[in-house]
Amino acid sequence: MPSDEDQVRQRKQKLQELKEQGQDPFDIHSFDRTHTSAQVVAAIEAAETAAGDEDIDWQASGFETTVAGRLMAVRDQGKSIWADLHDASGKIQLWVTENELTGAAFEKFRELDIGDIIGVRGHAFRTRRGEPTVQLSEFQLLAKSLRPLPEKFHGLQDVEIRYRRRYLDLLANPQVREVFAKRTEALKAIRSYFDGRDFQEVSTPMMQPLYGGANARPFITHHNTLDMDLYLRIAPELYLKRLVVGGMERVYEIGRVFRNEGIDALHNPEFTILEGYQAYADYTDMMALFEELLRDIALAVNRCLQFTYRGHDIDLEPGWERKSLLDAIKEACGVDFSQLSTDEEAREACRDLELGDMTQDNWAALLDKCFDRYVAPNLIQPTFVIDYPVRVSPLAKRLPDRPHLVARFEPFIGGEEIGNAFSELNDPVDQRERFEAQARAGLAGDAEAHPLDEDYLMAMEYGLPPTGGMGMGVDRVIMLLTGCTNLREVILFPQLRPEES
RNA sequence: GUGCCGUUAGCUCAGGUGGUAGAGCAUCUGACUUUUAAUCAGAGGGUCGCAGGUUCGAGUCCUGCACGGCACACCA
């Protein structure tokens, strides 16, 4: 009431008074409910169905229920109060009247604040206006909310607060809850796909003595007892292939990987990757796998293979287009990398393109730039880009008829790369040479060069069967299927700079 | 990393050319027994992101910094 008190102080004051009356809500450990809000609604509908054409006398055929949740709205009419209670399943309206919730209890309900967690018991019915409702006979405060919630009509708009305090975003914005529910469905669909084909789900180390399996800069951490630095994995690939050496013929892992690189709408330092390996299969099998997997995920998330992304209508029907990487680049910007061998030649050939500063770029970097600038944005319908040069693919098997290329593809949807797959290189002699070439690139200044991994080579020397492998950026696929254009919208707690203290 | 834009009440947002900081929701007081963005009457609430500068006077102009967004660069 006094003007210098803000809403937090008012609420703390109420809590203090409750404690002084021996009614500390934080003393409560559990609360048994008979229904969720959705179950109350369903039970009301069931009662109506049972009654058929006859009008229901809710006084007689309503039922007792106990529900719990967060008080999200209050419409006080004096002797009668309407309120909305939200729980994980949805919401249910509450009706508080003096003749059912008598005397002091009625006044106590009025002391509640929006945001409080309460448990209620009462009589379920449907109002004249058609709203499923519980008329309270008693209630209990289960947790006091000390801070005011965001405004109900506009929700929470400030993106910075939405990411930093995602719980408020989830409370205030139903469509955000929907996106993360879809994310869960997507992950279930992925597991269902692999489990149904006899793949074994495994967990491999996130802390690795040597990183590998992708081209990226790692995070470094330190183990005190071992007194050694460890890398957070940039990919699970090399461990999963060790498992294939060990006779696990079909394995997959869904897990977090960590890459010490820039943060933007398409990159978070930690993100969720799917990798799968299938012995006795090759990259064409992985193409079929991708088509089926994306179909299953889309059906789980959207119940439909067609969706719209950034204004493009996209169709995930299997039978995706295939495009040669080098041909596509040549068509799009006129540079034929198959005719270029040195870094200098590549820079010369790209001289007139809009690629920014090329002085630090080697052949592989320029290839990437040309592709990202001129080809990828146009790969809207699902497309497999195939026939990658061996020099940018240190872990993939060569094509027998064109040994400078490898049996590899990257799938693109909506102009975005969503994965990577190849026939796994299983020749330990060739693998050692590729690692050594990467090591030379590293010495020459390529910060993302793949390090030489003797332990992995040893495993391969025992014999890796011919194997097809695939990786997929789970977050990016979920972005596409939910229509989000920013990775942060599908990661619950995206990385941000700390707030100023 | 570079450029552009943003930061005003708990939340959502207004605030030409520099002149006492506004609204809606939320909060508080009062009225109201079928409301559901309830309604009606009234009230309180601000370090205008932070720090400097210009000016008689800065939310507004200038500089720096912080955080965020977008684009580019880097990068799956």
Side-chain angles (χ1 to χ4, degrees), chain A residues 1-11 13-14 58 72-85 91-101 106 113-115 125-133 135 145-165 168 171-173 213-217 234-235 257 259-269 271 273 354-358 360-361 365 368-369 371-373 376 392 410-412 416-420 447-448 471-473 475-476 485-488 494 496-501:
Chain A
M1 292 163 284
S3 60
D4 60 334
E5 282 194 355
D6 64 11
Q7 297 183 46
V8 175
R9 291 183 64 173
Q10 290 166 6
R11 289 172 179 224
Q13 179 65 30
K14 285 184 187 172
W58 287 110
M72 292 296 281
V74 176
R75 296 176 289 280
D76 189 339
Q77 290 191 305
K79 294 192 174 65
S80 160
I81 305 169
W82 302 92
D84 293 335
L85 189 72
K91 71 165 190 173
I92 185 76
Q93 180 169 263
L94 307 180
W95 191 30
V96 187
T97 55
E98 270 186 307
N99 33 6
E100 280 298 315
L101 194 71
F106 186 83
D113 290 302
I114 288 173
F125 71 108
R126 191 187 288 281
T127 64
R128 274 183 241 152
R129 298 285 180 91
E131 188 73 22
T133 302
Q135 184 176 14
S145 172
L146 297 179
R147 292 175 182 268
L149 291 174
E151 185 225 2
K152 63 191 165 205
F153 185 60
H154 295 91
L156 180 64
Q157 299 298 326
D158 184 316
V159 290
E160 189 172 348
I161 299 177
R162 288 186 48 233
Y163 298 152
R164 288 193 196 280
R165 296 188 242 166
L168 289 182
L171 283 175
N173 299 322
N215 294 91
R217 289 150 72 186
I234 60 172
V257 296
R259 299 187 183 180
N260 204 340
E261 288 158 354
I263 299 174
D264 62 30
L266 292 175
H267 299 84
N268 195 59
F271 64 97
I273 203 168
E354 297 165 23
L355 298 179
D357 176 21
M358 297 189 291
Q360 301 300 310
D361 293 336
D368 258 353
K369 274 191 177 179
F371 180 79
D372 290 347
R373 174 83 171 72
V392 297
E410 291 190 347
F412 282 79
E416 284 172 21
E417 174 204 340
I418 60 156
N420 187 15
E448 284 95 27
M472 188 182 90
D475 314 278
R476 287 205 185 164
T485 54
N486 192 313
L487 206 58
R488 299 174 187 96
L496 298 177
R497 265 183 220 277
E499 278 178 292
E500 213 175 349
S501 56

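None of these values were measured; they are calculated from a predicted model. Values below: every heavy atom of this structure, side chains too, minus hydrogens, waters and symmetry copies. Throughout, a chain's letter reflects where its sequence line sits, starting with A, and its residues are numbered from 1.
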### Message
Lys14(A): which residues meet the side-chain hydrogen bond (donor to acceptor under 3.5 Å, both in side chains) condition with it, sequence neighbours left out?
### Response
Asp113(A)

### side-chain hydrogen bond (donor to acceptor under 3.5 Å, both in side chains) partners for Glu160(A), two or more places apart
Arg164(A)

### Message
Please report the distance separating the C1' of rG6(B) from the corresponding atom of rA14(B), rounded so that it comes out in whole Å.
### Response
16 Å

### Query
What does Arg476(A) touch in the nucleic acid at a heavy-atom separation under 4.0 angstrom: a base, only the sugar-phosphate, or nothing?
sugar-phosphate

### Message
Check this one for me: any side-chain N or O of Arg75(A) less than 4.0 Å away from OP1 or OP2 of rU36(B)?
### Response
no

### Query
When you look at Phe106(A) and Val96(A), which way does the side-chain contact (heavy atoms from CB on, under 4.5 Å) test go after all the steps?
CA-CA 7 Å; Phe106(A) 186 83; Val96(A) 187; 3.7 Å; yes

### Task
Take atom C1' in rC28(B) and the same atom in rU33(B), then report the distance between them in whole Å.
24 Å

### Task
Respond yes when some side-chain nitrogen or oxygen of Asn486(A) is under 4.0 Å from OP1 or OP2 of rC70(B), and no when none is.
yes

### Query
What is the nucleic acid contact for Phe271(A), judged by heavy atoms within less than 4.0 Å: base, sugar-phosphate only, or nothing?
nothing

### Message
Using a heavy-atom cut-off of 4.0 Å across all strands, would you classify Ile418(A) as base, sugar-phosphate, or nothing?
### Response
nothing

### Message
Strictly distance-based, threshold 3.5 Å: is any side-chain N or O of Asn268(A) a donor or acceptor partner for the main-chain N or O of Phe271(A)?
### Response
no

### Query
In dot-bracket form, how is RNA chain B paired, counting a Watson-Crick or G-U wobble pair only if both its distances are under 3.5 Å and using | for bases paired to another strand?
(((((((..((((.....[..)))).(((((.......))))).....(((((..]....))))))))))))....

#### Entry: Residues forming a salt bridge (charged side-chain N to carboxylate O under 4.0 Å, His left out) with Arg488(A), sequence neighbours excluded
none

### Query
How close or far is atom C1' of rC75(B) from atom CD of Glu416(A), stated in whole angstroms?
14 Å

#### Entry: Between P of rC67(B) and CZ of Arg165(A), the distance in whole Å
17 Å

### Task
Start with the C-alpha distance between Leu156(A) and Asn173(A), add both sets of side-chain angles, then the distance that settles side-chain contact (heavy atoms from CB on, under 4.5 Å), and finish with yes or no.
CA-CA 7 Å; Leu156(A) 180 64; Asn173(A) 299 322; 3.9 Å; yes

### Query
Considering only rC13(B), rC11(B), rU34(B), which nucleotide approaches the side chain of Gln77(A) most closely?
rU34(B)

### P spacing across the pair rU39(B) / rG59(B), given as an integer number of angstrom
34 Å

### Query
Base, sugar-phosphate, or nothing: which does Ala216(A) touch, judged by heavy atoms less than 4.0 Å apart?
sugar-phosphate

### Query
Contact class for Arg497(A) (heavy atom, under 4.0 Å): base, sugar-phosphate, or nothing?
sugar-phosphate

### Message
Base contacts versus sugar-phosphate-only contacts with protein, heavy atoms under 4.0 Å: please encode nucleotides 21-27 of chain B as B, S and - from 5' to 3'.
### Response
---BBBS

### Query
Taking atom P in both rG22(B) and rU27(B), what distance in whole Å separates the two?
23 Å

### Summary
Lys79(A) atom NZ is separated from rG30(B) atom C1', nearest whole Å, by 13 Å

Could you list all N or O pairs between the protein and nucleotides 2-8 of chain B that sit under 3.5 Å apart?
none

### Query
Expressed as a whole number of Å, how far does the C1' atom of rU60(B) sit from that of rA21(B)?
12 Å

### Message
What contact category does Leu168(A) fall into here, base, sugar-phosphate, or nothing, at under 4.0 angstrom with non-hydrogen atoms?
### Response
nothing

### Task
Looking at every strand, decide which applies to Arg164(A) at a 4.0 Å heavy-atom threshold: base, sugar-phosphate, or nothing.
sugar-phosphate

### Euclidean distance for P, rU17(B) against rC62(B) (whole angstrom)
11 Å

### Message
Ignoring hydrogens and geometry beyond distance, is a side-chain donor-acceptor pair present between Trp82(A) and Gln77(A) at under 3.5 Å?
### Response
yes

### Task
Pick the P atom in rA71(B) and in rA26(B), then give their distance to the nearest Å.
36 Å

### Message
Do Leu85(A) and Gln93(A) make a side-chain contact, defined as non-hydrogen atoms from C-beta onward lying under 4.5 Å apart?
### Response
no

### Summary
Minimal heavy-atom distance between Pro132(A) and Ile92(A), with the atoms involved, is O-CD1, 3.6 Å

## Note on the structure
By nearest-nucleotide position on RNA chain B, the 5'-leaning member of Glu448(A) and Thr485(A) is Thr485(A)

### Query
rA9(B) P sits how many Å from Arg147(A) CZ, rounded?
16 Å

#### Entry: Main-chain N/O of Val8(A) paired with Arg147(A) side-chain donor or acceptor, under 3.5 Å
no

### Task
Could you state the atom-to-atom distance from CD1 of Ile161(A) to P of rG49(B) in whole Å?
14 Å

### Separation of atom CG in Asp264(A) from atom C1' in rC75(B), rounded to whole Å
8 Å

### Task
Assess whether atom CZ of Arg217(A) is packed by more than 12 heavy atoms of other residues, nucleotides or ligands within 6.0 Å.
no

### Task
Would you mind classifying the nucleic acid contact of Glu131(A) as base, sugar-phosphate or nothing, using non-hydrogen atoms under 4.0 angstrom?
base

## Note on the structure
To the nearest angstrom, the CD1-C1' distance between Ile263(A) and rG69(B) comes to 14 Å

### Task
Describe the nucleic acid contact of Gln93(A) in one word from base, sugar-phosphate, nothing, applying a heavy-atom distance below 4.0 Å.
base

#### Entry: Trp95(A) and Thr127(A): CA distance, side-chain angles, deciding distance, side chain to side chain donor-acceptor pair (under 3.5 Å) verdict
CA-CA 10 Å; Trp95(A) 191 30; Thr127(A) 64; over 6 Å; no

### Message
I'd like to check Leu266(A) versus Glu416(A) (side-chain heavy atoms, cut-off strictly below 4.5 Å). Are they in contact?
### Response
yes

### Message
Nearest to the Gln157(A) side chain among rC13(B), rC75(B), rU34(B), which nucleotide is it?
### Response
rC13(B)

### Task
Determine: side-chain N/O of Arg488(A) to OP1/OP2 of rG69(B), distance under 4.0 Å, yes or no.
yes

### Message
Any heavy-atom pair between the side chains of His267(A) and Arg259(A) that's under 4.5 Å?
### Response
no

### Query
When the distance from CG of Leu266(A) to C1' of rC70(B) is rounded to whole Å, what number comes out?
13 Å

### Message
What's the gap between rU7(B) and rU12(B) when it is taken at their P atoms, as a whole Å value?
### Response
12 Å

